[in-house]
Enquirer: 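One structure, pasted below without further comment.
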Amino acid sequence: MDGKELLARLGEFGDRAAIIWHGQSYTYADLLARVDQWRGVLAEQEIRPGTCVALSGDFSPGTTTLMLALVANGNIAIPLTRSVLSAEER
């Protein structure tokens, strides 16, 4: 399944709750709207398919949807967690 197929599949869940973050529920439709916003940013920044992109963040809706946008864009997404960042700082 490629990124576009993944987004289409997620779209089938529409207004169902996808994640809860800090007590707020986000639907699949909410997340896909954010993915579209991120895809616009990726296009503006000329981040082409196949480009490696390091992503540092938590598991927030913003970070999650950026990861989905990178996958849909055909990028190689490299998630960095706090533990990886802490090791780099040592």
Enquirer: So Glu12 and Tyr28, side chain to side chain contact (heavy atoms under 4.5 Å, CB included) or not? Walk me through it.
Expert: CA-CA 8 Å; Glu12 294 175 11; Tyr28 287 92; over 6 Å; no

Enquirer: Pair Leu42, Leu70 - check side chain to side chain contact (heavy atoms under 4.5 Å, CB included), show working.
Expert: CA-CA 8 Å; Leu42 295 174; Leu70 290 167; 3.8 Å; yes

Enquirer: Find out if a path of hydrophobic residues (ILVMFWY) with successive side-chain heavy-atom gaps under 4.5 Å connects Val53 to Val71.
Expert: no

Enquirer: Just how far is it from atom CG of Asp58 to atom OG1 of Thr63, taken to the nearest 0.5 Å?
Expert: 4.5 Å

Enquirer: Should we count CG of Asp15 as having more than 12 external heavy atoms under 6.0 Å?
Expert: no

Enquirer: Please check if the side chain of Asn73 supplies one atom and the backbone of Asn75 the other of a donor-acceptor pair under 3.5 Å.
Expert: no

Enquirer: A side-chain contact here means heavy atoms from C-beta on lying under 4.5 Å apart; do Val41 and Gln45 qualify?
Expert: yes

Enquirer: Would you say Leu7 and Arg39 make side-chain contact, with heavy atoms under 4.5 Å?
Expert: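 Contact flag for Leu7/Arg39 side chains = yes.
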
Enquirer: Under 4.5 Å between side-chain heavy atoms, hopping through other hydrophobics if needed: is there a path connecting Val35 to Leu6?
Expert: yes

Enquirer: Counting C-beta onward and ignoring hydrogens, is there a side-chain heavy-atom pair between Leu68 and Leu10 closer than 4.5 Å?
Expert: yes

Enquirer: How close do Ala54 and Leu80 get, counting heavy atoms only, and between which atoms?
Expert: CB-CD1, 4.1 Å

Enquirer: Quick one: pull up CG in Leu32 and OH in Tyr26 and give me the separation to the nearest 0.5 Å.
Expert: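 The distance works out to 15.0 Å.
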
Enquirer: Output the distance between atom OG1 (Thr65) and atom CD1 (Ile19), rounded to the nearest 0.5 Å.
Expert: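 If I round to the nearest 0.5 Å, the distance is 8.0 Å.
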
Enquirer: Can you confirm whether more than 12 heavy atoms, excluding those of Phe59, are under 6.0 Å from its CZ atom?
Expert: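 Check fails, neighbour count at 12 or below.
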
Enquirer: Between Ile78 and Leu55, does a side chain to side chain contact (heavy atoms under 4.5 Å, CB included) hold up when you go through it step by step?
Expert: CA-CA 6 Å; Ile78 305 161; Leu55 173 63; over 6 Å; no

Enquirer: Restricting to non-hydrogen atoms, name the atom on Arg34 and the atom on Pro61 that form the minimum distance, rounded to 0.1 Å.
Expert: NH1-CB, 3.6 Å

Enquirer: Any side-chain donor-acceptor pair under 3.5 Å between Ser60 and Trp21?
Expert: no

